[in-house]
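Before any comments, here is the structure.
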Amino acid sequence: MNYWLMKSEPDVFSLADLKSRPGRKEPWDGVRNYQARNFMRDEMKVGDRILFYHSNTKPPGVAGIAEVASKPYPDPTAFDKKSKYYDAKSDPENPRWVLVDVKYSKSFKHFVPLEAMKAMPELASMRVLQRGNRLSITPVTQAEFDAICQAGE
DNA sequence: GCCAACGTTGGC
DNA sequence: GCCAACGTTGGC
């Protein structure tokens, strides 16, 4: 089993939004970064656990847990001319962008703010805490995952 | 294949 | 709203 951190702007899509979706599931569409795509395409497995991170909000931080709920498949928004994620260069015969479905698992009792994460020695090498990190999907270690869960409960 | 220009991300 | 950091694009 692998562990991940996935960022979402809560104004656009929050953990509470995921919880309220039918089946508590949602396709993680709109990823237009190759590294993030490759993680979904090549490394994610159904059942992998996800730290659901709220970015671009006050305060930013981890709101709770989700899990990978499907194998990778082509991102339909890339072919939808009305979508803001439309990509004319993605050929339906050879899709450029893929996604996985993400399923709600739980909301933390205590939101874990970025500021608190920075103060946790266990998270010193965590990717999302490194300077200049912008990647919306990053792998995390089990130790990092456990430390954040502990802080959240 | 280099690299400047540009657009985006995301904390502050 | 600012701006540093980073990824992508496109001219050469």
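Predicted, not measured: the structure shown is a model, and the values here were computed from it. Residue numbers begin at 1 in each chain, while the letters A, B, ... track the order of the sequences.
- From A:Leu18, atom CG reaches atom CZ of A:Phe13 across 4.5 Å, with rounding to the nearest 0.5 Å.
- Distance A:Asp11 CG to B:dG11 P: 13 Å, rounded to the nearest Å.
- Remark: A:Phe111 engages no residue in a ring-ring contact (aromatic ring centres under 6.0 Å, His included) (not counting sequence neighbours).
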Worked check of side chain to side chain contact (heavy atoms under 4.5 Å, CB included) between A:Lys103 and A:Ser70: CA-CA 9 Å; A:Lys103 186 172 187 193; A:Ser70 78; over 6 Å; no
For nucleotides 2-5 of chain B, print each protein N/O atom paired with a nucleotide N/O atom at under 3.5 Å, atom names and distance only.
none

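- Inspection of the A:Arg41 and A:Tyr34 side chains reveals no N or O donor paired with an N or O acceptor under 3.5 Å.
- Straight-line distance from the CD atom of A:Glu115 to the C1' atom of B:dC12: 11 Å, rounded to whole Å.
- Results of the side chain to side chain contact (heavy atoms under 4.5 Å, CB included) test with A:Val100 over A:Lys71, A:Met44, A:Lys45 single out A:Met44 as the only residue that passes.
- Remark: A:Glu115 pairs with no residue by the salt bridge (charged side-chain N to carboxylate O under 4.0 Å, His left out) rule, at least two apart or across chains.
- Ring pair A:Trp28/A:Phe52 is perpendicular by interplanar angle, where above 60° counts as perpendicular and below 30° as parallel.
- Between A:Glu153 and A:His110 the shortest heavy-atom distance is O-CD2, 3.7 Å.
- For the helix from B:dG1-C:dC12 to B:dC12-C:dG1, the terminal axes (five pairs an end, C1' atoms, rotation from four pairs onto the next four) enclose an angle of 10°, given to 10 degrees.
- Atom CG in A:Leu135 sits about 11 Å away from atom C1' in C:dC6, given to the nearest Å.
- Look at NZ on A:Lys7: it is 7 Å from C1' on B:dG10, rounded to the nearest Å.
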Intermediate values then yes/no, ring-ring contact (aromatic ring centres under 6.0 Å, His included), A:Tyr73 and A:Trp97: CA-CA 8 Å; A:Tyr73 61 96; A:Trp97 304 112; over 10 Å; no
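- In this structure, CZ of A:Arg127 is placed 11 Å from P of C:dC6, rounded to the nearest angstrom.
- Comparing A:Asn133 and A:Asn56 along DNA chain C, the residue whose closest nucleotide (by nearest heavy atom) sits nearer the 5' end is A:Asn56.
- Per the geometry, CG belonging to A:Leu129 stands 10 Å off P belonging to B:dC12, to the nearest Å.
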What are the atom names and distances for every N/O pair under 3.5 Å that joins the protein to nucleotides 7-9 of chain C?
residue	atom	partner	partner atom	Å
C:dG7	OP1	A:Gln35	NE2	3.4
C:dG7	O4'	A:Arg134	NH2	3.4

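- Shown here are the side-chain contact (heavy atoms from CB on, under 4.5 Å) partners of A:Thr77, two or more places apart in sequence or in another chain: A:Asp29, A:Arg32, A:Asp75, A:Ser83, A:Tyr85.
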Side chain to side chain contact (heavy atoms under 4.5 Å, CB included) between A:Trp4 and A:Glu43, worked out: CA-CA 10 Å; A:Trp4 306 95; A:Glu43 297 190 39; 3.7 Å; yes
